[in-house]
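Only heavy atoms go into these numbers, but all of them, side chains included; no hydrogens, no water, no symmetry mates.
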Amino acid sequence: MALELKSSDNKIFEVEELVAVQSETIKSLVEDGCADNVIPLPNVDSKTLELVLDWCKNHVDMKLDEEKLKEYEDKFIEVDQAVLYDLLLAANYLNIKDLLNRACQKVADMLKGKTPEQIRETLNIVNDFSPEEEEEIRKENLWAFEE
Amino acid sequence: MTNIRSIIQDMRSRSSRVVQDRFSAGPPSSSAAAAAVEVEDGMNQSCWANMPQELLREVLLKIEASESAWPLRKNVVACAGVCRSWRHITKEIVKIPELSGILTFPISVKQPGARDSLIQCFIKRNRSSQTYYLYLSCTNGPAIAEDGKFLLAARKCRRPTCTDYIISLHADEMSKGSSTYIGKLRSNFLGTKFTIFDGQPPHAGAKITKSRSTRMVNSKQISPRVPAGNYSVAHISYELNVLGSRGPRRMQCTVDAIPSSAIEPGGVAPTQMDFSLGNVDFFPSMPFLRSKSNHMETFSSGPLASQKDGVLVLKNKAPRWHEQLQCWCLNFHGRVTVASVKNFQLVASPENGPSGPEHEKIILQFGKVGEDLFTMDFRYPISAFQAFAICLSSFDTKIACE
């Protein structure tokens with residue numbers, strides 16, 4: 001049984017139900033009988049949806065081969081930051097637990113070993129602390145990173 | 001109707017090129033690589049700053065869970081320094097040592113240890129600089145490794161009528177006016193009685209101890225570099241036992257800052273939640289204090305212990321005389337390996353009422369393992385700071401020393 005999914009940029013994807021229901025969001029739509037027509041996914045663009053569906057398909061195909069699946073997952077998540085961000089949000093929106101877990105883990109791994117300033121640089125986050133808070137944080141990090 | 005297979009095949013050939021061209025989110029990047037990302041993802045520049053809170057929380061939870069031991073624990077502290085929302089979530093996720101047995105932020109050294117297990121630390125003494133360094137042991141177990149996370153440093157300052165040990169978060173910043181000042185241990189002239197001072201109020205309604213070095217605080221606009229005062233939190237006394245200097249000395253530690261009920265089932269001990277050197281309130285509504293059962297909020301301004309609730313008293317466990325070895329013995333469970341009059345184990349003394357199982361637990365254990373190396377193990381309801389200060393008194397006292 002095939003489902004039709006429509007990305008935010010209006011691209012239609014035909015997907016096997018078994019693959020699509022890896023997404024809990026889509027699964028509930030199917031169960032509620034709302035999947036007869038094209039399912040719009042306004043929060044996911046085609047580029048990201050293709051990757052997500054690739055993940056889902058491989059998780060169905062390689063279900064019994066743990067080693068092969070792990071190899072696939074490790075390779076899959078080696079993407080640049082922008083793609084990783086899109087995957088993270090898509091996995092959250094579509095409620096695909098294993099993809100969400102893996103993407104979060106990837107982000108966590110990316111941050112390990114960095115100072116607060118390096119984390120800000122990497123993710124382009126603005127430092128919004130007051131001077132007093134900055135002083136406390138400076139003290140904190142001096143102590144934490146002390147050899 | 002488009003075929004998913006052909007799309008994916010097409011994407012596959014495209015995406016592999018993409019990965020090669022772009023910066024891969026792998027090991028820590030150099031700023032050059034980070035700059036490359038900025039140029040390429042012009043539209044996504046601040047996307048991470050807009051990451052939904054629940055996703056940020058998931059990421060931070062993963063970091064907190066995997067970096068549970070030092071030195072990797074510093075990564076959790078780093079996350080709390082990125083921006084306000086990161087700090088808020090990280091602080092929410094990190095549990096106090098009482099619940100996790102893990103020290104994370106500097107304030108952890110002021111918070112009670114774990115209830116069911118001893119937190120293992122060691123102290124290094126530098127005789128020439130009269131400085132003592134407290135470390136958290138990074139590897140637990142019988143072997144005393146020198147692998148440790150620096151916690152606190154103490155420097156001895158001899159004065160005409162007493163001796164002070166200044167305790168600080170930074171070994172190089174030892175002045176009382178410094179923002180890393182935590183507290184001090186003061187001994188009397190004879191070295192028989194000691195007082196532990198906390199640079200911050202230990203609980204609601206705590207009275208500041210007046211001394212020459214105290215500044216009365218009237219306004220909230222104080223530079224964080226000036227300590228708001230010193231609060232007496234414990235008294236330690238040493239005495240000879242009935243055998244005089246031939247026997248182990250008697251040690252008693254009265255912890256005014258902790259009620260004796262803290263060690264009973266359901267009891268709580270005051271827990272400081274952050275440093276606020278520049279903003280000390282003498283009124284009961286201390287914003288930075290919290291207890292598990294809202295116990296503290298019911299205290300009005302005044303001393304911690306009401307008439308019927310005494311304070312915690314710790315006494316040293318009496319060693320047994322070993323006839324064959326001809327020495328006094330305590331079971332340190334392998335954590336102390338060199339006999340010394342300084343070695344001790346403190347248990348809660350049942351000042352009020354009969355002794356129960358809570359009076360069997362060792363609250364603090366200290367002992368020599370090398371020329372200038374000592375282990376210090378402590379648990380709830382005392383904090384690493386209080387434990388360290390008590391151990392320093394053992395170094396200083398002249399009672400029953402050869």
> Which atoms of R73(B) come close to chain A, meaning under 4.5 Å heavy atom to heavy atom: side chain ones, backbone ones, both, or neither?
neither

> Sort E133(A) into side chain, backbone, both or neither according to what part of it lies under 4.5 angstrom from a heavy atom of chain B.
side chain

> Please look at E140(A) and chain B and tell me whether the side chain, the backbone, both or neither of the residue comes under 4.5 angstrom of a heavy atom of that chain.
both

> Where on P71(B) is there a heavy atom nearer than 4.5 Å to chain A: the side chain, the backbone, both, or neither?
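Interface part for P71(B): neither.
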
> For K106(A), is there an ion pair with E73(A) - N to carboxylate O distance below 4.0 angstrom?
no

> Check for a donor-acceptor pair, side chain of W143(A) on one end and backbone N or O of L151(B) on the other, with a separation under 3.5 Å.
yes

> For S66(B), is it the side chain, the backbone, both or neither that has a heavy atom under 4.5 Å from a heavy atom of chain A?
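The answer is the side chain of S66(B).
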
> Is it the case that the side chain of S100(B) and the backbone of I96(B) share a donor-acceptor pair, with hydrogens and angles ignored and the cut-off at 3.5 Å?
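Yes, S100(B) side chain to I96(B) backbone: donor-acceptor pair under 3.5 Å.
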
> Measure S130(A) against the heavy atoms of chain B and call it side chain, backbone, both or neither at under 4.5 Å.
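Both backbone and side chain.
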
> Residues two or more places apart in sequence or in another chain: which of them pass ring-ring contact (aromatic ring centres under 6.0 Å, His included) with H170(B)?
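With neighbours one apart ignored, the set is empty.
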
> Can you tell me which residue among F388(B), W70(B), F122(B) is in a ring-ring contact (aromatic ring centres under 6.0 Å, His included) with Y135(B)?
F122(B)

> Using non-hydrogen atoms and a 4.5 Å limit, figure out which bit of L88(A) sits close to chain B: side chain, backbone, both or neither.
both

> State plainly whether the residues D74(A) and R102(A) are in salt-bridge range, i.e. N to O under 4.0 Å.
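Salt bridge between D74(A) and R102(A), a charged N being under 4.0 Å from a carboxylate O: yes.
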
